[in-house]
Every structure is written in C-alpha cells, then in structure tokens.
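Note that the structure is predicted; figures quoted are calculated from it, not measured. Chain A is the first sequence line, chain B the second, and so forth, proteins listed ahead of strands; every chain is numbered from 1.
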Protein chains: 2
Amino acid sequence: MLGAPNVDRQTRRRDETRREILDAAWAVVRESGWSGLTQRAVAERVGMRAPSLYGHFSSQMAIVDAMFGQAWAETDAAYDELDTRMPEDPREALLLVANVWLELMAGDPERNALMNQRPVPGFTPSADSYTYAVQSMERLHRFFDRIGVTDPDAPDLWTALLAGLASQQNANDPGGERWRRLVPRAVDMFLSEVGPTTRRRKPR
Amino acid sequence: MLGAPNVDRQTRRRDETRREILDAAWAVVRESGWSGLTQRAVAERVGMRAPSLYGHFSSQMAIVDAMFGQAWAETDAAYDELDTRMPEDPREALLLVANVWLELMAGDPERNALMNQRPVPGFTPSADSYTYAVQSMERLHRFFDRIGVTDPDAPDLWTALLAGLASQQNANDPGGERWRRLVPRAVDMFLSEVGPTTRRRKPR
DNA sequence: GTCTATACACCGATAGAC
DNA sequence: GTCTATCGGTGTATAGAC
C-alpha cells in the first residue's frame, strides 16, 4: 500500500507524455495539414524518435482517434461552459451558439476537417471517441427543446447551415470573415423557418 | 498542306488519350478516394505503365488540375442547359437550381470534395482551370439578378447553405437523402431572408 | 508513345539492445 | 521507455532503349 503513490505518479507521468504527443500532433497538423501528420514529424517535435511513440499509442490511427475524441470533447466542454451564461431570448441564444461554433471551426480549419470531413485516408472513429460526438449532438437537441424549437428538421438544417458557413469560410477566405459575418443573418433565416414564434410557410 | 489532315488526326488521337486518362483518374478516385489517386493506379486502368502518363501530363498535379477544370466546366454546362427551361417563379427556379446542385454534389462526393474542399495536399488550381469556377459564380450572380434577388449577401449565403447540405449529406449519410430532402425548406428559408418579396428582419 | 529500369524520398511498423 | 537498425512497401519522377 505504501507503493500506491508511486504507481499514481507513474501513470500521471504516462498521461503527461501522451498529452505531449497529442499536442505535438496538433502542431504538426496545423503546420503541414493532415497529410503531413507522420510519426517522424510528431516524434521530432516531442523530442523522440519515431518508434518510441509505440510505447504510448498502438498505431498512427490510434493517435488520430485520440485527436478526434479530443476535438469533440473540447467542443462539448465549450458548450458546457456556455450553458451557464445562456441568454433567455432564443435568437440571442442561437446567435451565441453559432458564433462560438464558427469561432471554433473557422479558427481551426484542420480541426474542423477532422470533425466534419474525412481528411485522414482510412480513419474511422472508434466507438469510444465517437461517444463525444454523439453527446454533442444530444446537447444540441436539448438546447432546441429548451428554446422552444420543436421542428424535427431543425437540428439537421442547423448543422448544415453552420457546416456550410465554416466550410466556405475555410475554403475560400481562410482567416477572414466573409462568411463569418453572415452568422446573424443565418440565424434570422433559420428562425424564420423553424422558429417558435413563426409558422413555416409550406407544411409538408 | 496535304499533311494537314494527318496533323489533325494526330492531335485528335492525343486528346482522346488525354480523355481516357482523365476518365480513368475519376474512376480511381471514386473507388479509392483522393488518397488513392496514384500514377500506377491510373495507368493500370488505362492499360499503360505509370511513366507513360508523362507523355500526356507533365505531372500528377497537372492531372488533378485538369480534373478540377473538368468538374467546374461540367457544372457550368449543366446550368447552361438549365437556362433553357428555367421557371419564371423565383421559388421554383431556386428549387430547381438547388436540386440540380445537390444532385451533382451529393451524387459524387469526391467531385464535390475537389470543388469545395482541399482533398489533394499541395494542389492549387491553375489560373486556367480556375476560370471555370469563376464563370460559374458569375452565372449565379446573373441568375439572382434575373429573379430579383438583389441582396449583396445573397450569393454567399446561398453557397454556404448548399455547401452545408452537400457536406453533411456526404459525410453523415452518404448515398441517402437525410439532408437532400431538406432542399425545399432550405429554399424557403433562404427566400424569407433575401427574397424579392420579403424585407429582411434586421437591416444592418 | 510506350516501355523497363531505376533513383530518391518517405511511409508505418517491428526486433532487439540498453 | 527509448533507442538504433532495418524491413517491406508506397509514392513521383527521370533516363534511355525500342
């Protein structure tokens, strides 16, 4: 039992190294894109040799998988924090959510690509890391419930709208605000179609 | 001068081979994604050896560039054909345009990726092949003029909306219609914000 | 125009010493 | 845990014969 603190320190050290590797991986991706993410590049940044990474991740894909989980977990955390200061008014709330999303996605194109596109050839998220993505979607549903948006198509329309703004922003005006500044109009547009105060034009 | 027909036949044959190579490249991409597009794979499909491709394209990127130009040229051609049977009613016209776009983009995810994302590391379209993309955008502006949509933000909102629907469809429900079926609602939404008959809620 | 042969660089992964 | 050495494979591109 006296050995317990030692074990703790060891596993803590292990997690620390894992974290360092993931940070290095993100740095490499932001510098060279997903095609530049190689074991050698990551290892060099950590100050290791490539094969040493296998002491912490079982393969290249395991690193990508951890990054995928991380990206969604951090997004989820950002929205968790947002819950504590969510405006009452639905339009203001949607505006806040949309702006935070665009900030996250347009502010970090490679991260956006990992979450919403398929930038790594053969990578499929593990059930474990996919959990965070599912949680995030469930949170969106609860959010819509709370502000009185009950239209069943609303979540899919919303994700399409935000994904489109982020995608266009990153592809055609990276770092700019050409699409980012359209967020308020997109929110108005969205609310006029599915909003709690408005009936949609053509019920189907 | 008697040699002229011979020259014509030769250049025609050359163009034919070029075409065969591009068709093979598309087939490879649709089967294995953009990361699977290699000279060996393309050559094998054409019935050549990899180095022989250099007789027709100066590099791998030259092939991708030709594909980029092709994709936009074909899109432009589709809309050219559409012009001859465009409905008078703005909503109907937008609906037609949106459905054709989604059909093109969701029906061919890899093509969509080339046109709207950056699936090939290091590739930047040449000025030449980019021309088709510009033409397509100019056509969109003329179209909006014609149906009375004068809002200066309209084109960017429109492209974001369509890009988002296509991107979500391809990433989360490939081959399905989960987002594709939302096109009519997206059009309604769009028109209620920028439409010729409606004033927008909050002018900025 | 198309071929074979090959140069050169780089990838992920494993074996085995320390 | 981290290292060196190395295997087997992939990719683009060029040289030179036919």
To check you understand the geometry: which heavy-atom pair defines the closest contact between B:A41 and B:G36, and what is its length?
CB-O, 4.0 Å

What pairs meet the salt bridge (charged side-chain N to carboxylate O under 4.0 Å, His left out) rule with one or both residues in residues 111-123 of chain A, with sequence neighbours excluded?
A:E74-A:R111

d(CZ, A:R49; C1', D:dA5) in whole Å
12 Å

Separation between CD (A:Q169) and CG (B:D156), nearest 0.5 Å, reads 9.5 Å

Scan residues 15-23 of chain B against DNA chain D and write down, sorted by residue number, each residue with any heavy atom closer than 4.0 Å; if none is found, say none.
none

Return the 5'-most residue of the pair B:G55, A:A41 with respect to DNA chain C, ranking by each residue's nearest nucleotide.
B:G55

Any B:M105 side-chain heavy atom under 4.5 Å of B:N116 side chain:
yes

Taking all heavy atoms of B:P121 and all of B:M61, pick out the closest pair and write down the distance.
O-CE, 3.4 Å

Indicate whether OP1 or OP2 belonging to D:dG1 is found under 4.0 Å from a side-chain N or O atom of A:R14.
yes

Take A:E16 and A:R9 through the salt bridge (Lys or Arg N to Asp or Glu O under 4.0 Å) test and state the conclusion after the steps.
CA-CA 10 Å; A:E16 225 170 84; A:R9 216 197 45 186; over 6 Å; no

Using a 6.0 Å cut-off, check whether atom CZ of A:R30 has over 12 heavy atoms from anything other than its own residue.
yes

Does B:D145 have any side chain to side chain contact (heavy atoms under 4.5 Å, CB included) partners at least two apart in sequence or in another chain, and if so, which?
none

For C:dC11, does OP1 or OP2 lie under 4.0 Å from any side-chain N or O of A:T38?
yes

Any chance you could list the contact pattern along nucleotides 13-18 of chain D? Use B for base contacts, S for sugar-phosphate-only contacts and - for none, protein heavy atoms under 4.0 Å, 5' to 3'.
BB----

Atom pair OG/CH2 of B:S129 and B:W72 - distance to nearest 0.5 Å:
11.5 Å

Within a reach of under 6.0 Å around OH of B:Y130, are more than 12 heavy atoms found that belong to other residues, nucleotides or ligands?
no

What is the separation between atom CH2 on B:W34 and atom P on D:dG11, rounded to the nearest whole Å?
16 Å

List in chain and number order the residues that pass ring pair (Phe, Tyr, Trp, His ring centres under 6.0 Å) with A:F57, two or more places apart in sequence or in another chain; answer none if no residue qualifies.
none

Return the value, rounded to whole Å, for the distance between atom CZ of B:F57 and atom P of C:dT2.
12 Å

How would you label the contact of A:R13 with the nucleic acid (heavy atoms, under 4.0 Å): base, sugar-phosphate, or nothing?
nothing

Indicate, with a heavy-atom threshold strictly under 4.0 Å, whether B:L53 touches base, sugar-phosphate, or nothing.
nothing

From CD1 of A:I63 across to P of C:dC11 the rounded distance in Å is 13 Å

Where each pair must be Watson-Crick or G-U wobble with both distances under 3.5 Å, what dot-bracket representation of DNA chain D is obtained, with crossing pairs in [ ] and other-strand partners as |?
||||||||||||||||||

